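Everything numeric in this text was worked out from a predicted model, so none of it was measured. For the numbers below, each heavy atom of this structure counts, side chains included, while hydrogens, waters and symmetry mates do not. In what follows, residues are counted from 1 in the order of the sequence shown.
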Amino acid sequence: MAANNRRMSGKKGAQVGSGGQRRRGLEGKGPTPPAEMRKGHAKQRAAQAKARRATGRTPQRRGGGRSASELVVGRNPVVEALREGVPASTLYVQQFIDNDERVREALQLAAERGGINLMEAPRPELDRMTNGLNHQGLVLQVPPYEYAHPEDLVAHAHDEGQDPLIVALDGVTDPRNLGAVVRSVSAFGGHGVVVPERRAAGMTAGAWKTSAGTAARTPVARATNLTRALEAYKKAGIAVVGLAADGEAEIGALDALGGPVVIVVGSEGKGLSRLVGETCDFRVRIPMPGGAESLNAGVAAGIVLYEAARRRG
């Protein structure tokens, strides 16, 4: 009965159980804060980067995950990987191995680099590790690659007081192409490379080798969804420029390359995927008087990065 009296009372205000939510919902939230105070706004990130440079603090990175560890198998591949500075955690050497020149060089390079464990293992153990591949008594373990987050590349550019210059790869599956792009980004002052998490080349030993050591100083970020990553870049005020054979303009006529920009490069055969192409602000082409149908990702990225660096210089 008491409950009925409460429900039927003529008392004004919120009813029992509402917690005053309706009244609070009508209250204003005040004036819109300036861009520098809005969470996630490009101007706020720029202001934060400026403050970090002034105080010398390192920004907190979210990271883009890790790859799986990898094995380099065989005497020549192991020696080449060690020569090119591919990261390595352990060098496995078969017991009672024939000590030829390549084995001696592998041991010497591993010792000179430091930080690489030397492990002796019987042949059956190496056969098991490599699933029966012809390892020739040498196996090099490459540790998982630590990917950056796509937003880290923008923060890195702001930390340097520069407009972001980033390359995104769409459908590029050859690790050597990825390594070549990383090398070009490093050569022309870019701030990193973005690759999709699925159906794309990752930072394998082959990519490290092709990068000629530049992968150690040029971050590679991994995006769960490339289209969403590009949309986030656009919201941050960064132009997204896609390379396409049927692009509306030539790269020499695009002023956007002189500012904050993400250059999107597709696969040699298929080019940009439909969704990625629709997300781009501009679609540009590389003039090719010689009549070639297409360029591989490494060459195409290098040409556009040169044009961007020339405009910035």
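Atoms CG and CD, on Leu254 and Glu248 in that order, are 10.5 Å from each other to the nearest 0.5 Å. How far CG of Asp246 is from CZ of Arg285: 9.0 Å, rounded to the nearest 0.5 Å. Atom CG of Leu165 is separated from atom CZ of Arg311 by 12.5 Å, given to the nearest 0.5 angstrom. Here the straight-line distance linking atom CD of Glu197 with atom OH of Tyr147 works out to 9.5 Å at 0.5 Å rounding. Atom OH of Tyr92 and atom CG of Leu138 lie 13.0 Å apart (nearest 0.5 Å). Rounding to the nearest 0.5 Å gives a distance of 8.0 Å between CG of Asp159 and NE2 of His156.
Listed here is the closest heavy atom pair of Val142 and Pro87: CG1-O, 3.4 Å. Looking at every heavy atom in both residues, Gly266 comes nearest to Ala297 through O-CB, 4.3 Å. The shortest non-hydrogen separation linking Gly171 to Ser267 is O-CB, 3.3 Å. Taking each heavy atom of Tyr233 and Val194 in turn, the nearest pair found is OH-CG2, 3.5 Å. The two residues Leu226 and Pro196 make their nearest non-hydrogen contact at CD2-CG, 4.1 Å. Across all non-hydrogen atoms, the minimal contact from Thr224 to Arg198 is O-NH1, 4.2 Å.
Counting non-hydrogen atoms of other residues, nucleotides and ligands closer than 6.0 Å to CD of Glu112 gives a total above 12. Around the CZ atom of Arg283, the shell of radius 6.0 Å holds more than 12 heavy atoms that belong to other residues, nucleotides or ligands. Around atom CG of Asp98, no more than 12 heavy atoms belonging to other residues, nucleotides or ligands sit under 6.0 Å away. Atom CZ of Arg312 has more than 12 neighbouring heavy atoms from other residues, nucleotides or ligands inside a 6.0 Å radius.
If you chain together hydrophobic residues whose side chains sit under 4.5 Å apart, Leu118 and Val86 fall into the same group. Hydrophobic clustering (ILVMFWY, side-chain heavy atoms < 4.5 Å, transitive): Met119 and Ile116 are in distinct clusters. Hydrophobic clustering (ILVMFWY, side-chain heavy atoms < 4.5 Å, transitive): Val167 and Leu257 are in one cluster. Tyr145 and Leu140 fall within a single hydrophobic cluster, where Ile, Leu, Val, Met, Phe, Trp and Tyr are joined by side-chain heavy atoms under 4.5 Å apart, directly or via other members. Val241 and Tyr306 fall within the same hydrophobic cluster, defined by Ile, Leu, Val, Met, Phe, Trp and Tyr side-chain heavy atoms under 4.5 Å apart, directly or through other members.
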Exercise. Is there a side chain to side chain contact (heavy atoms under 4.5 Å, CB included) between Leu272 and Leu243 once you walk through the steps?
Worked result: CA-CA 8 Å; Leu272 300 176; Leu243 295 186; 5.9 Å; no

For this session: Please test Glu101 against Arg104 for salt bridge (charged side-chain N to carboxylate O under 4.0 Å, His left out), starting from the C-alpha separation and ending with a verdict.
Result: CA-CA 5 Å; Glu101 183 179 347; Arg104 289 192 295 271; 5.5 Å; no

Problem set entry | Glu231 and Lys235: CA distance, side-chain angles, deciding distance, salt bridge (charged side-chain N to carboxylate O under 4.0 Å, His left out) verdict | CA-CA 6 Å; Glu231 289 172 346; Lys235 290 178 181 178; 6.0 Å; no

For this session: Kindly indicate, with the supporting measurements, whether the criterion side chain to side chain contact (heavy atoms under 4.5 Å, CB included) is fulfilled by Arg75 and Val103.
Result: CA-CA 7 Å; Arg75 298 188 183 188; Val103 173; 3.8 Å; yes

Exercise. Between Leu178 and Leu169, does a side chain to side chain contact (heavy atoms under 4.5 Å, CB included) hold up when you go through it step by step?
Worked result: CA-CA 8 Å; Leu178 171 57; Leu169 300 181; 3.7 Å; yes

For this session: Decide yes or no on side chain to side chain contact (heavy atoms under 4.5 Å, CB included) for Val93 and Ile97, but give the supporting numbers first.
Result: CA-CA 8 Å; Val93 183; Ile97 190 174; 4.0 Å; yes

Problem set entry | Working for salt bridge (charged side-chain N to carboxylate O under 4.0 Å, His left out), residues Glu105 and Arg83 | CA-CA 9 Å; Glu105 184 175 1; Arg83 285 176 182 168; 2.8 Å; yes

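Residues Val185 and Leu305 form a side-chain contact, since some pair of their non-hydrogen atoms from C-beta on lies under 4.5 Å apart. Within the 4.5 Å cutoff, the side chain of Val262 has heavy atoms near those of the Leu230 side chain. The side-chain heavy atoms of Leu91 and Leu107, taken from C-beta on, include a pair separated by under 4.5 Å. The side-chain heavy atoms of Val154 and Ile238, taken from C-beta on, include a pair separated by under 4.5 Å. Put simply, the side chain of Leu82 reaches to within 4.5 Å of the side chain of Arg113, judged on heavy atoms. The side-chain heavy atoms of Val72 and Glu80, taken from C-beta on, include no pair separated by under 4.5 Å. Considering only heavy atoms from C-beta on, Ile303 comes within 4.5 Å of Ile251 through its side chain. Residues Asp127 and His135 form a side-chain contact, since some pair of their non-hydrogen atoms from C-beta on lies under 4.5 Å apart.
Between the Ser211 side chain and the Trp208 main chain, a donor and an acceptor come within less than 3.5 Å of each other. Of the possible polar contacts, one joining the Asp152 side chain to the His149 backbone as a donor-acceptor pair under 3.5 Å is found. The backbone N or O of Ala239 sits nowhere less than 3.5 Å from a side-chain atom of Asp281 that would complete a donor-acceptor pair. Glu70 places a side-chain N or O within donor-acceptor distance of the main-chain N or O of Ala205, the cut-off being under 3.5 Å. Under a 3.5 Å cut-off, the side chain of Lys234 and the backbone N or O of Thr279 do form a donor-acceptor pair. With hydrogens and angles ignored, the 3.5 Å screen pairs no side-chain donor or acceptor of Ser186 with any backbone N or O of Arg183.
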